[in-house]
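Notes for the one structure printed next.
By convention here, the first residue in the shown sequence is residue 1.
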Amino acid sequence: MQTSNHIDASDVSIETNEADIATPVWDKDQAMHRVGDSDEFMVLIANSFLGSVDSQVENLTRALENGDMGAARNEFHAFKGVAGNISAIELMNNASELEVLAKEQDRQKISEKLPEFERKLAALIVVLNEYIAEVG
């Protein structure tokens, strides 16, 4: 998925390891609690996220390719907020860390940390699509 700071949300092949299995990419129970246990509302939120993720990924990719750390920081901040809102805590934490690195202009560490962010994002996309198909 990563090629010189390029994210492609359509590539959802996921490599898992024990840490990924131990920490769910989406805390469904917490998310459902946030929406009053309403599958209908959760589907609406999930669809909203899925409908905007491609443009967010494009904006982030463009910012990273152009070396625009201010724009990258804004995109990581946006991902952090959305991930928190839907209880994707690991993605939120990854985005938060990358936001700080973008603020610090640390391109090297961003390159090192980006693959984990990409995996978590791809996994979240899969999980949300599965949830929508299940309750749809």
Would you say that H77 contacts R73 through its side chain, given a criterion of any heavy-atom pair below 4.5 Å between the two side chains?
no

Could you give me the CA-CA distance, side-chain angles and deciding distance for N93 and K80, then say whether side-chain contact (heavy atoms from CB on, under 4.5 Å) is met?
CA-CA 7 Å; N93 292 338; K80 177 180 74 173; over 6 Å; no

V127 and Y131: same hydrophobic cluster, using ILVMFWY side-chain contacts below 4.5 Å?
yes

Side chains of W26 and V126 in contact at under 4.5 Å (non-hydrogen atoms)
no

Where do N59 and R62 come nearest, in terms of heavy atoms and distance?
OD1-NH2, 2.7 Å

List the atom of A95, the atom of F117, and the distance in Å for their closest heavy-atom pair.
CB-CE1, 3.9 Å

Taking a hydrophobic cluster as the set of Ile, Leu, Val, Met, Phe, Trp and Tyr residues connected by side-chain heavy atoms closer than 4.5 Å, whether directly or through intermediates, do V100 and L91 fall within one such cluster?
no

Is it the case that the side chain of S52 and the backbone of S48 share a donor-acceptor pair, with hydrogens and angles ignored and the cut-off at 3.5 Å?
yes

Under the 3.5 angstrom rule, does the side chain of S96 hit a backbone N or O of M92 as a donor-acceptor pair?
no

Considering all heavy atoms of both residues, which atom of M69 and which atom of A102 are nearest to each other, and what is their separation?
CB-O, 3.5 Å

When you compare the side chain of M32 with that of D39, does any pair of heavy atoms fall below 4.5 Å?
yes

K113: what forms a salt bridge (Lys or Arg N to Asp or Glu O under 4.0 Å) with it, not counting sequence neighbours?
E97

